[in-house]
Number of protein chains: 2
Amino acid sequence: MPPAPAGAPVAVFAALADPTRWQLLDLLAEADRSASALSRAVPVSRSAVLKHLAVLERAELVGRHRSGREVRFSVRPERLAATARWIEATAAAWDTRLAALRELAEGRSAPGNAG
Amino acid sequence: MPPAPAGAPVAVFAALADPTRWQLLDLLAEADRSASALSRAVPVSRSAVLKHLAVLERAELVGRHRSGREVRFSVRPERLAATARWIEATAAAWDTRLAALRELAEGRSAPGNAG
DNA sequence: TCGTTGTGCCACCTTACGGTTGCACATCAG
DNA sequence: CTGATGTGCAACCGTAAGGTGGCACAACGA
């Protein structure tokens, strides 16, 4: 159990914090696409799409691979799964603290041996 | 299983996308504190702390309760746990798609019966 | 070859975000 | 009452983020 969320995957959260980026992830979850193809499916320009893709790539949420003259992007589920696990552990840590507090409030003056 | 991440908890991700906010969550995970107390523990002003808390509160990651003239803030693990579950499901959906694709690449022309 | 489509990048604009200071008002301790 | 501390705003500031258009060059198709 992680005692304290010292180094949170902030880059991943930041990447996930934009609705347009989720649109792109949505599209990429269906099928790999190029930046140009994506820009035709979302209401922003290719340049904007490219920037979003760069953010997602830095967060390791998407990958790229050439296919002829095209550059296809694809989702990377592992990073997302790892983040989910990390969050879960953090939530559990919070919960543990609150449960201990609740125990005190119950009136059980000596909850075992904690100092 | 969610077929597609249509409505992602973007507010939560945005709230989690700032290191200072994580500092505050860290502190609050230890014990409930007031905005003033928090501002003494982090290198930013009380106003900045207040703004961060407002963001976290909107994302339902923290809660508040008065204690005399003070307003104490506390972490809310459920929202975080729910987000973890949501991410997990999304990652699983991505993984499923990629696994199906991989199956095709394997050469198994008829992957069971999927349409 | 020539047109079309895609990439890679740059300069630019606008707004939201993280941060600050400042002040009026409430509340607790002496 | 008085001082100290805390809350609740509001005004303001600098920077980065999201978005745009444009252009040169590469690669595929007829």
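Chain naming here is simple, since letters A, B, ... match the order of the sequence lines and numbering starts at 1 in each. Keep in mind that what you see is a predicted model, and the values were worked out from it rather than measured.
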Subject >> Given C:dT21, D:dG18, C:dT7, the nucleotide with the shortest approach to the side chain of B:Ser45 >> reply: C:dT21
Subject >> Connected via hydrophobic side-chain network under 4.5 Å: A:Leu27 and A:Leu25 >> reply: yes
**OP:** Quickly work out the B:Leu50 CG to C:dT21 P distance and round it to whole Å.
**Re:** 15 Å
**OP:** Quickly work out the B:Asp32 CG to D:dG6 P distance and round it to whole Å.
**Re:** 16 Å
Original post:
Do B:Val55 and B:Leu53 belong to the same hydrophobic cluster, where Ile, Leu, Val, Met, Phe, Trp and Tyr are linked whenever their side-chain heavy atoms lie under 4.5 Å apart, directly or via other members?
Top reply: no
Subject >> Side chain of B:Ser34 - closest among C:dG8, D:dT7, D:dG8 >> reply: D:dT7
Original post:
Please give, in whole Å, the distance from C:dT4 P to A:Arg40 CZ?
Top reply: 15 Å
Subject >> Sequence neighbours excluded, every pair satisfying side-chain hydrogen bond (donor to acceptor under 3.5 Å, both in side chains) that has a member inside residues 42-61 of chain B >> reply: B:Arg21-B:His52, B:Glu57-B:Arg64
Subject >> For atom CZ of B:Arg64 and atom C1' of D:dT7, their distance in whole Å >> reply: 10 Å
Original post:
Side chains of A:Ile87 and A:Phe13: closer than 4.5 Å at any heavy-atom pair?
Top reply: yes
Original post:
According to a strict under-4.0 Å criterion, is A:Thr20 in side-chain N/O contact with OP1 or OP2 of D:dG18?
Top reply: no
Original post:
Of all the nucleotides listed (C:dT21, D:dG8, C:dC10), which has the minimum atom distance to the side chain of A:Ser47?
Top reply: C:dC10
**OP:** Rounded to the nearest 0.5 Å, what's the gap from OG on B:Ser74 to CG on A:Leu98? Could you check?
**Re:** 7.0 Å
Original post:
Among D:dT7, C:dT7, D:dC12, which is the nearest nucleotide to the side chain of B:Lys51?
Top reply: D:dC12
**OP:** Pull out every residue in residues 52-61 of chain A that has a heavy atom closer than 4.0 Å to any atom of DNA chain D, ordered by number, or say none.
**Re:** A:His52
Got a list of protein N/O to nucleotides 24-30 of chain C N/O distances below 3.5 Å?
{"from": "C:dT27", "atom 1": "O2", "to": "B:Arg69", "atom 2": "NH1", "distance (Å)": "2.7"}

Subject >> Closest heavy-atom pair and its distance - A:Leu50, A:Ala35 >> reply: CD1-CB, 3.6 Å
**OP:** Evaluate the ring planes of A:Trp94 and B:Trp22, with Trp represented by its six-membered ring, and classify them as parallel (under 30°), tilted (30 to 60°) or perpendicular (over 60°).
**Re:** tilted
**OP:** Using a strict cut-off of less than 4.0 Å between a Lys/Arg side-chain nitrogen and an Asp/Glu carboxylate oxygen, indicate whether A:Arg102 and A:Asp95 qualify as a salt bridge.
**Re:** no
Original post:
CG of A:Leu16 versus P of D:dA17: gap in Å, rounded?
Top reply: 16 Å
Original post:
What's the CD-C1' distance between A:Glu70 and D:dA27, to the nearest Å?
Top reply: 11 Å
Original post:
Considering only heavy atoms from C-beta outward, does the side chain of B:Leu16 approach that of A:Val12 to under 4.5 Å?
Top reply: no
